[in-house]
Amino acid sequence: KILLFYVIFYGCLAGIFVGTIQAMLLTLSDYKPTWQDRVAPPGLTHTPRSDKSEVSFNVNEMETYLPYTRALKDFLAKYDDENQRDQMKFEDCGDEPAEYKNRGDLESDVGIRKACRFSRTLLGPCSGIEDREFGFKEGKPCLIVKLNRIVNFRPRPPTSNESIPEEAQPKVQPNVIPIFCTHKV
């Protein structure tokens with residue numbers, strides 16, 4: 001009798017546990033976090049990463065910048081054309097940066113939302129296609145800056161060039177958020 005009691009008792013406990021887990025899973029969204037109050041503000045990350053956020057190397061010694069170029073190649077590998085061929089995940093959005101494209105409500109049952117294919121040629125000399133050293137050999141290194149994705153946050157480029165340093169103003173493009181960097185003297 002006692003064995004039957006414990007089998008039923010632990011069976012009920014397991015049923016309660018499974019039931020509460022299933023009830024909790026029904027409240028979760030597949031597309032966005034339930035609580036967003038502790039999300040850090042959107043920030044920028046850069047590749048290659050370095051100690052103390054300083055990229056230091058010697059132009060004449062390839063070994064000093066080899067880890068940086070390897071990190072850039074690894075980062076850009078996912079943007080190779082052969083890795084963006086899946087028609088279920090990617091779509092063509094044009095050859096130039098454009099305004100935000102609304103793909104519907106996050107909670108709809110549309111399924112997987114497609115991402116725009118990103119052509120490495122948009123990075124120009126920093127694409128790694130022509131210059132496999134990403135400018136390190138010439139002393140003009142490339143850093144790839146990426147804006148972290150935050151649900152329902154849409155970054156907007158500046159409406160005027162007043163906040164952009166004069167040296168960078170000729171390079172401003174529509175629908176591109178400018179970032180101006182200087183070297184340490």
Checklist entry - Do Phe90 and Arg85 pass the side chain to side chain contact (heavy atoms under 4.5 Å, CB included) test, and can you show the C-alpha distance, the side-chain angles, and the key distance before you say yes or no? => result CA-CA 7 Å; Phe90 299 99; Arg85 288 200 177 125; over 6 Å; no

Item to check | Trace of the ring-ring contact (aromatic ring centres under 6.0 Å, His included) decision for Tyr68 with Phe134 | outcome: CA-CA 9 Å; Tyr68 299 132; Phe134 298 94; over 10 Å; no

Item to check | Pair Arg132-Thr69, side chain to side chain contact (heavy atoms under 4.5 Å, CB included): steps then yes or no | outcome: CA-CA 8 Å; Arg132 303 297 291 167; Thr69 58; over 6 Å; no

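Arg117 and Asp86 make their closest contact through NH2-O, 4.2 Å (heavy atoms, listed as atom of the first residue, atom of the second, distance). Here the closest non-hydrogen pair linking Pro67 and Thr64 is CD-O, 4.0 Å. Summarising the geometry of Cys142 relative to Pro48, their closest heavy-atom pair is O-CD, 4.0 Å, with the distance given to 0.1 Å. In terms of heavy atoms, Phe57 sits closest to Pro141 at CE2-CG, 3.7 Å.
The CD atom of Glu138 sits 8.0 Å away from the CD atom of Glu133 when rounded to the nearest 0.5 Å. Note that OG1 of Thr47 is 15.0 Å distant from NZ of Lys73, once rounded to the nearest 0.5 Å. Summarising the geometry, atom OG belonging to Ser127 is positioned 9.5 Å from atom CG belonging to Leu122; distances are rounded to the nearest 0.5 Å. Between the CG atom in Leu72 and the SG atom in Cys126 there is a gap of 8.0 Å [rounded to 0.5 Å]. Here the CD1 atom belonging to Ile144 is positioned 4.0 Å from the CG atom belonging to Leu76, to the nearest 0.5 angstrom. The line from OH of Tyr79 to OG1 of Thr121 is 14.0 Å long, rounded to the nearest 0.5 Å.
The cluster map of Ile, Leu, Val, Met, Phe, Trp and Tyr, joined by side-chain heavy atoms under 4.5 Å apart, puts Leu13 and Ile8 in different clusters. Note on Leu143 and Ile129: separate hydrophobic clusters, where clusters join Ile, Leu, Val, Met, Phe, Trp and Tyr whose side-chain heavy atoms are under 4.5 Å apart, directly or indirectly. The cluster map of Ile, Leu, Val, Met, Phe, Trp and Tyr, joined by side-chain heavy atoms under 4.5 Å apart, puts Tyr65 and Phe75 in the same cluster. Put simply, Tyr10 and Ile2 are part of the same group of oily side chains (I, L, V, M, F, W, Y) that touch within less than 4.5 Å, one to the next.
By the 30° and 60° cut-offs, the orientation of the rings of Phe9 relative to Tyr6 is perpendicular.
The closest donor-acceptor contact from the side chain of Glu91 to the backbone of Cys116 lies at 3.5 Å or more, if one exists at all. Side-chain atoms of Asn83 come within 3.5 Å of backbone N or O of Ala77 as a donor-acceptor pair. A donor-acceptor pair under 3.5 Å is absent between the side-chain atoms of Asp92 and the main chain of Gly94, judged by distance alone. Of the possible donor and acceptor atoms, none in the side chain of Glu130 sits under 3.5 Å from a partner among the backbone N and O of Pro125.
Within the 4.5 Å cutoff, the side chain of Phe136 has no heavy atoms near those of the Val59 side chain.
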